[in-house]
Amino acid sequence: MTEPEPSTSRKIAVKQVRSLSGRPAKHRRTMEALGFKYNQQTVIHDDTPAIRGMIRQVAHMVSVRPVE
C-alpha cells in the first residue's frame, strides 16, 4: 500500500477547550504529544488513525473540525 500524497491528505483543526488542571498525567502527555502548549490553542494535524486515537483519549478537553 502506498501512502497518500501530503497535498491531498485531509487535515483537521484540534482546539483545546478545557484546562489540564487536575487531569491525569496520561492526559497531559497526550495533549503535549498533540502539540498543545497552552489553553485555547488550535493545532493542525493530518487526519490519521494515530491522531484520531489520541483525540479520542482526550475528547472531553478538545474540539475537532475539518480544515478546508
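- By the 4.5 Å heavy-atom criterion applied to side chains, Gln57 and Lys26 are counted as neighbours.
- Other residues, nucleotides and ligands contribute over 12 non-hydrogen atoms within 6.0 Å of the CD atom of Gln41.
- Remark: Arg23 CZ is packed, more than 12 non-hydrogen atoms of other residues, nucleotides or ligands lying under 6.0 Å away.
- Between Asp46 and Arg10, none of the side-chain N atoms (NZ, or NE/NH1/NH2) sits under 4.0 Å from a carboxylate O, so this pair counts as no salt bridge.
- Atom CZ of Arg28 sits about 6.5 Å away from atom OG of Ser21, to the nearest 0.5 Å.
- With sequence neighbours excluded, no residue forms a side-chain hydrogen bond (donor to acceptor under 3.5 Å, both in side chains) with Asn39.
- Atom-to-atom distance recorded for Glu68:CD and Lys11:NZ is 14.0 Å, nearest 0.5 angstrom.
- Hydrophobic cluster membership for Val64: Ile12, Val14, Leu20, Met31, Leu34, Phe36, Val43, Ile51, Met54, Ile55, Val58, Met61, Val62 (Ile, Leu, Val, Met, Phe, Trp, Tyr linked by side-chain heavy atoms under 4.5 Å, directly or transitively).
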